[in-house]
Structures are given as C-alpha cells and as structure tokens.
Amino acid sequence: MSLEENLKDELNPEQYRAVTTVDGPILIIAGAGSGKTRVITYRIAHMLEKGIPQSQILALTFTNKAAKEMSERIKGLTGKKLQNLTVSTFHAFGVRILRQDIEQLGFRSNFSIYDETDRSALIKETGRELKFTADALDVYKIGCLFSDIKTGRKNWESANDMYRSLYEGYQEGLKLYNAVDFDDLITLPIRLFREHPDVLARYKERYRYLMVDEFQDTSHQQYEMMRLLADRNVAVVGDDDQSIYSWRGADYQNIINFEKDFPGVTEIRLEQNYRSTGTILAAANGVIKHNTNRKDKELWSGNGSGRPIEIYMPENEAAEADFIAESIQGICAEEKRHYDEFGVLMRANTQSRPLEEAFLENNIPYTMSGGTSFFERKEIKDIISYLRVIANHDDDINLLRIINTPRRGIGRSTIESVNKVAGTLGVSLWEALKAIIAAPEDECPVSAGTRADLEAFTSLIEGNKSMLGGKGLSKKVQALVDDINYFDYLIGEYPKSEKAARFKYMNIESLIKSMEQWENNPEHEDTSLYAYLNRITLLSRDDLDDGEEDKGKVNLMTVHASKGLEFPVIFIAGAEEGLMPHARAVEEGGDTAVEEERRLFYVAVTRARDRLLISSCQHRRRMQATVECEPSRFLDEIPANLVKYHEPSKEVGSEDAHEMLQNMLKNLAHPRVPKL
DNA sequence: CGTCTCCAGGTTTTT
DNA sequence: CCTGGAGACG
C-alpha cells in the first residue's frame with residue numbers, strides 16, 4: 001500500500017516512531033509546528049492500514065474544529081469512509097455516552113444540555129426561590145464556583161458556604177428539568193463508569209485504541225475519563241508550553257500523572273519545527289524560556305532566518321486597526337499573497353470591533369471565529385429554546401424563556417402562580433401548566449382569559465410533536481418560526497432599527513439553512529430533533545459554516561482560538577500590559593497566571609510561518625475612559641536583534657530601536673501631554 | 001396585570 | 001453596542 005511505503009519518506013525519524021508505535025502507552029511531546037496533526041492523522045491511517053477496525057479507535061480532541069479537521073485529513077489520507085471511527089471532543093463523547101446510558105443515573109435520555117446562559121438563568125431562578133438578595137447573586141461568579149465544586153477543584157470547606165444550599169437547589173433543578181450542564185458531560189459519564197462497571201466494560205470492550213490530542217489541556221476530570229476507558233494502548237499528544245486553559249481546569253501535570261499511571265510509557269519528542277522562520281522561532285524560544293516551570297526544550301528549524309519581527313506602536317486601537325488593514329493590503333500587493341494567508345490575533349473578543357470596522361472600510365473580506373457563539377445569540381437561543389421545550393417539556397429554563405416570547409399575555413404574576421403550583425406539586429412548570437389547564441373553574445388559580453393563553457401555549461408546543469420523528473426538521477422549524485410570527489416580533493423589538501431586526505432574522509434563516517444541510521447529509525443517519533439538539537449545544541459558530549465560505553478571507557480570532565492553526569503572516573494586536581498579560585488574569589492568579597499568559601503569547605508567535613507583526617497601542621479605550629498603555633513585558637523578552645521597531649509614522653533601524661523604546665517607556669511613565 | 005421605556009452595566013480566554 | 005432590570009403607565 002502506498003501509504004505505508006511513503007511513511008518513511010514523509011516523516012522524520014521521531015515522527016515515524018510516533019506513527020508506528022501502536023501498542024502500549026505513548027507520550028508525544030510535540031512542540032509548536034512540529035507536525036503534530038500530521039503525526040496523529042498518519043498514525044490513525046497507519047492503524048487502519050494495519051487492519052485495526054475503525055470502531056476500535058477513539059480520538060479525543062478539545063474543539064469541534066480540531067475533530068472535524070482530523071477526520072477530514074484521515075479521510076483524505078485513506079480515501080475511506082469513516083463511519084465507525086470515533087473522532088470527537090471530550091464533551092461530545094460524553095453526550096454520546098449519556099444518550100445511551102443516562103437512564104441508569106435517573107435522567108431521561110431526552111435531557112437538555114444547559115450552556116452558560118441557561119446555567120445563569122437556573123442559578124438566578126433558584127436564588128430567587130431561596131430568597132437570596134440581589135447583590136449576593138452574582139450569577140457569573142456563582143456559576144464558576146459551582147463548576148469548581150462539581151469538578152472537584154474546590155470543596156465547601158474552602159469555599160463560601162452560604163452558596164451550599166443554592167448549589168443543592170441548582171442540582172435539584174437540573175434533575176427536575178431533566179437537564180445537565182457542561183461539567184456534567186464529563187462528570188456524569190465518570191460516575192456512570194464507576195457505579196456501573198458493566199457499562200464501562202462495554203466501552204472498554206469497544207475502544208481498544210485511544211488517542212488524546214492537546215493533552216496539556218486536559219482537566220483532571222477529562223483525564224479520569226480517559227484513564228477509566230484506557231487499557232494500555234493510549235497515545236497522548238501535547239506540549240506543556242502551549243497549555244492555555246488552566247482557568248478551565250486544565251492541568252498539564254497530567255503529563256506527569258500519565259507517566260505514573262501507565263507504566264512503560266514510550267516518550268517521543270518532536271522538536272523540529274517545520275512551520276516558522278528561524279527568526280520567529282528564536283523569538284518564541286526567547287519568550288518561553290522566561291517560564292520556570294516547564295520541560296526544557298528548544299525548537300529548531302531548517303528554514304531560513306527570514307524577515308525581522310516588526311513592532312508598531314500606534315496611537316490607539318483605531319490607528320492600530322488602520323495599520324493592520326493597510327499592511328494587509330500592502331503585503332498582499334507586494335508579495336502576491338491572498339487574504340486567507342493572514343491571521344490577526346487578539347487577546348480578547350472585545351478587541352474585534354475596531355478591527356472589523358477597518359476591514360470593512362478597506363474592503364477586506366474577513367471571517368471571525370469564536371466571539372459570542374452563534375448559538376448564544378438571543379434570537380437563536382429563542383428558537384432553540386422552542387425546540388428544547390418540544391423535545392423535553394420539563395425544561396423549565398427554556399420554557400420560561402419562550403413562554404412569553406413573542407408576547408402572548410403571560411406575564412410575571414401568571415408565571416408566579418404557575419410556579420407556585422409547580423412548587424406545591426413538586427413538578428416542572430410544564431406539568432403545572434397542564435394541571436392548571438385541567439383544573440375545574442373554581443380551583444383554577446388564574447383567570448379564564450389567562451388560562452386560555454396558557455392553553456394556547458401548551459397546544460403550540462404539543463402541536464409541534466411531529467418534529468420528534470425525524471424527516472424534514474428544517475421545514476417544520478421554519479413553519480414554527482412563521483407560526484409564532486417571530487419576524488414581526490423582531491421588528492417590534494427593534495423599532496429604531498429595522499436593519500437590526502433583519503440581521504437577526506437572517507441569523508435565524510442561516511440556522512435553518514444549516515439545519516437543512518445537516519439533515520440532508522447522508523452521513524447523518526439520525527436526523528431527529530433529539531440528535532440535532534444534542535449536537536448543536538456543543539457547537540460554536542465556526543462549526544456551522546462549511547469552510548468554503550472562509551476561502552479568501554482574513555482570519556480574525558482570539559489567540560485561544562488560533563491554537564493548532566498557522567498562517568504565513570500573523571498580526572498580534574494589543575500587545576500591551578493589561579491585555580497581554582491580561583490584568584484580570586494577573587490579579588487573580590499572580591505569577592502562575594503570568595506564565596500562562598506568556599504561553600499564550602508564545603502560542604500567538606508560533607502561529608506565524610513567514611512574517612510576524614506586533615502592535616502595541618499607546619492609548620486604548622477601556623470602558624468609558626481612554627487609558628495610557630505600556631508595551632507588553634513579553635515584547636522585551638524577544639531578543640532585540642530580531643526586531644524592527646516602528647514609530648507610528650517613520651521607520652527606525654534596529655540599532656536605535658532599543659533606545660527609542662526606552663524613551664517611549666519613560667514618556668509613558670511620565671506623560672507630559674494631558675489626556676484628551 | 002402586562003407592556004413599554006429608560007437606564008445602567010459590562011465577560012479574558014471555551015466546551 | 002447590547003442586554004437585562006427597574007419602574008412607570010395604560
């Protein structure tokens with residue numbers, strides 16, 4: 001077979017060993033740009049060639065994007081249909097397990113999955129019932145606390161005990177509404193495996209070969225899930241220098257645990273970088289070596305040294321955006337590059353606005369990945385909430401969202417009385433609604449008119465039952481959207497801007513369009529509403545469109561979202577103290593946080609193949625005020641001989657750069673010019 | 001009792 | 001800018 005013959009030619013010796021070591025535990029430390037994805041995909045292809053059945057292989061990733069890319073590349077490599085190969089995110093895999101076996105934990109298999117918005121709503125709801133005061137109810141913080149508790153990062157001894165009852169109420173709510181949150185997608189399968197060894201045995205029986213990508217970003221829970229499933233044929237691939245998710249529970253100490261838990265690990269290091277110029281690599285190495293707690297390694301490259309790294313110091317974020325847009329135009333013309341060869345990276349989503357404006361102004365097509373997830377947009381959530389309630393009537397949180405959206409005369413006090421009934425009967429709101437509707441006139445807690453409104457609502461939901469039975473989902477959803485007059489509702493909601501309303505309606509149309517594509521894809525056998533809902537809660541916007549649309553466009557994204565990607569030209573926007581490293585992170589996490597921020601910067605730098613341009617604004621709008629900014633400390637960590645500094649207008653040679661920077665710093669420390 | 005209007009506040013990163 | 005909440009109004 002040609003693939004086998006080619007392996008030795010296509011791979012360096014370490015890569016070859018990583019690909020062909022199929023039995024036993026193996027730890028692959030893969031530096032940035034060392035051909036990690038290549039190794040993983042070749043490894044799976046090689047296993048398939050060797051006759052290992054698809055169904056025995058389980059590859060776990062962190063993002064849907066990575067999962068999708070991986071299976072596509074394997075498909076391309078083998079030319080096979082991969083119907084039985086499991087390439088999935090940890091969370092999606094959790095959903096799969098729960099869909100099968102959650103009944104053993106007392107949930108029903110049509111459970112809803114609550115995202116952050118739903119979680120906040122449930123916390124708020126529970127808090128109100130338990131009479132928490134408004135200022136004790138910081139739902140964002142409490143949500144984080146609950147997540148820490150649930151995943152074992154905190155316990156009640158060390159945490160604020162006053163939220164304990166709230167947590168219990170929250171958990172009861174989930175159970176009553178037949179819903180699970182994101183953390184449950186990992187912790188419930190673990191519980192299932194522990195409490196029901198027969199279930200675990202079934203999965204172990206099936207999956208004989210495990211592979212985990214981005215291993216440095218596994219949380220303890222995810223590691224535990226992997227450990228339970230794995231026998232000995234488990235390959236993990238990671239790079240401690242690219243661990244950037246500790247705030248989400250990732251702990252690259254798992255690399256050390258792995259060596260302990262799986263005796264006889266083969267360790268392979270991939271340190272040859274195929275991606276970047278020598279200059280870019282030297283810069284990356286220079287930065288990352290300031291971290292104390294890391295496996296010592298140095299990437300090297302056979303590529304030429306390339307152009308110096310350019311650092312610009314624009315006046316403010318608008319100037320920065322103009323500079324980036326104009327540079328893109330310039331480089332496109334000069335070097336005959338296409339727009340899709342550019343990546344513009346930022347620390348926070350809030351930085352995107354001026355950049356997007358500049359791109360629009362300069363007629364530069366762009367795509368932005370990440371950002372508020374498509375499925376978190378209000379209008380999308382509304383429609384999805386309908387679908388959720390149709391699939392799972394007991395989902396109170398989603399029911400509350402839509403019961404009066406669009407307005408149908410069911411206001412606060414009506415909901416309060418329904419809630420009361422639900423409380424006394426110990427049932428979900430839906431059951432309470434049914435009880436109220438069925439109650440005899442004199443025992444009914446609401447007026448006859450209100451009761452009619454409630455009944456109209458329940459029959460609307462029940463009237464869409466046919467959605468459950470596969471076939472033609474998108475058409476039915478379109479009919480529902482028409483039926484509830486959602487467009488008119490939007491027009492009414494945004495009286496000042498019909499454009500906004502139309503934009504939102506467009507989003508709904510693209511939702512329905514994507515639904516149609518999904519159900520017409522022959523690879524998707526189960527096109528029921530359940531299947532659809534289980535899938536989409538875990539998706540973000542970039543998973544929606546099919547890649548074709550992104551051709552020829554500049555890629556705007558957060559550094560986090562850029563992990564695993566590469567672009568010939570990279571811009572890093574906002575390399576300032578307070579943003580990189582982010583002030584909030586430093587505040588909360590101290591030195592460890594700075595190290596993580598440094599890794600983040602390292603990830604950003606190593607995305608670049610040929611050219612790297614970094615900008616650091618002198619001023620930036622934060623909230624209402626304009627504040628002075630200092631250049632990021634990470635810029636000083638790049639060896640000075642690799643860098644060419646630019647002032648807003650005139651260029652300077654690298655000899656003068658250091659002195660100039662010092663002067664700038666001095667000026668920033670003692671500004672002579674009053675703020676505008 | 002429901003709806004409308006105005007006002008304040010604001011998320012670093014994602015499944 | 002946009003969302004969500006509080007309070008006034010019909």
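Lettering follows sequence order; numbering is per chain, from 1. Bear in mind that the values here come from a model prediction, so they are computed numbers and not experimental data.
- One atom, OH of A:Tyr140, and another, P of C:dT3, lie 19 Å apart when rounded to the nearest Å.
- Within the nucleic acid shown, A:Phe62 comes within 4.0 Å of sugar-phosphate atoms alone, with no base atom in reach, counting heavy atoms only.
- No hydrogens or angles were tested; on distance alone, a donor-acceptor pair under 3.5 Å links the side chain of A:His91 to the base of B:dT15.
- A sub-4.0 Å separation between OP1 or OP2 of C:dG5 and a side-chain N or O of A:Lys124 is present.
- The side chain of A:Arg408 places no N or O atom within less than 4.0 Å of a non-bridging phosphate oxygen (OP1 or OP2) of B:dG2.
- Under the 4.0 Å criterion applied to side-chain N and carboxylate O atoms, A:Glu628 and A:Arg620 are not assigned as salt-bridge partners.
- For A:Arg347 against B:dT12, a side-chain N or O and a base N or O form a donor-acceptor pair under 3.5 Å.
- To the nearest angstrom, C1' of B:dG2 lies 15 Å from CD of A:Glu416.
- Taking atom NE2 on A:His560 and atom C1' on B:dT11, their separation rounds to 13 Å, with Å as the unit.
- Residue-level contact check: A:Asp183 touches neither bases nor backbone, having no heavy atom under 4.0 Å from any strand.
- Using a 4.0 Å cut-off, no side-chain N or O of A:Asn349 falls inside it from OP1 or OP2 of B:dT12.
- Heavy-atom distances to DNA chain B give each of A:Ala585 and A:Glu493 a nearest nucleotide, and the one nearer the 5′ end belongs to A:Glu493.
- The residue among A:Thr117 and A:Arg353 whose nearest nucleotide of DNA chain C lies closer to the 5′ end is A:Arg353.
- Look at A:Lys504 and you'll find a side-chain N or O under 4.0 angstrom from OP1 or OP2 of C:dT3.
- At whole-Å resolution of the value, CD in A:Glu356 and P in C:dC2 are 12 Å apart.
- For the side-chain hydrogen bond (donor to acceptor under 3.5 Å, both in side chains) test, residues two or more places apart in sequence or in another chain that qualify with A:Asn257 are A:Asn254.
- The salt bridge (charged side-chain N to carboxylate O under 4.0 Å, His left out) test with A:Asp382 is passed by exactly one of A:Arg401, A:Arg388, A:Arg377: A:Arg401.
- Closest to the side chain of A:Glu597, from the set B:dT12, B:dT3, B:dG2, is B:dT12.
- Note on A:Thr63: every side-chain N or O is 4.0 Å or more away from OP1 and OP2 of B:dT15.
- One finds no side-chain N or O of A:Thr350 lying less than 4.0 angstrom from the OP1 or OP2 phosphate oxygen of B:dG10.
- Distance NZ (A:Lys141) to P (B:dG10): 11 Å, rounded to an integer number of Å.
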Task: Stepwise ring-ring contact (aromatic ring centres under 6.0 Å, His included) test for A:Tyr114 and A:Phe182 - done: CA-CA 7 Å; A:Tyr114 279 5; A:Phe182 274 157; over 10 Å; no

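- A:Arg451 places its CZ atom 16 Å from the P atom of B:dC1, with the value rounded to the nearest Å.
- The 5' end of DNA chain B is approached more closely, in terms of each residue's nearest nucleotide, by A:Thr450 than by the other of A:Thr450 and A:Glu116.
- Nearest to the side chain of A:Trp247, among B:dT15, B:dT14, B:dT12, sits B:dT14.
- Contact check for A:Asp251 versus A:Ser246: no side-chain heavy atoms found under the 4.5 Å cut-off.
- Two residues are said to be in side-chain contact when any heavy atoms from C-beta on lie closer than 4.5 Å; A:Tyr530 and A:Arg99 meet this criterion.
- When the C1' atom of C:dG5 is taken as reference, atom CZ of A:Arg128 falls 11 Å away, rounded to whole Å.
- Comparing atom distances between the A:Lys378 side chain and each of B:dT12, C:dG5, C:dT3 picks out C:dT3 as nearest.
- Comparing B:dT13, B:dT11, B:dC4 by their closest approach to the side chain of A:Arg584 singles out B:dT11.
- Of the side-chain N and O atoms in A:Thr558, one or more sit less than 4.0 angstrom from OP1 or OP2 of B:dT14.
- The interatomic distance linking A:Arg407 (CZ) with B:dG2 (P) rounds to 12 Å, in whole Å.
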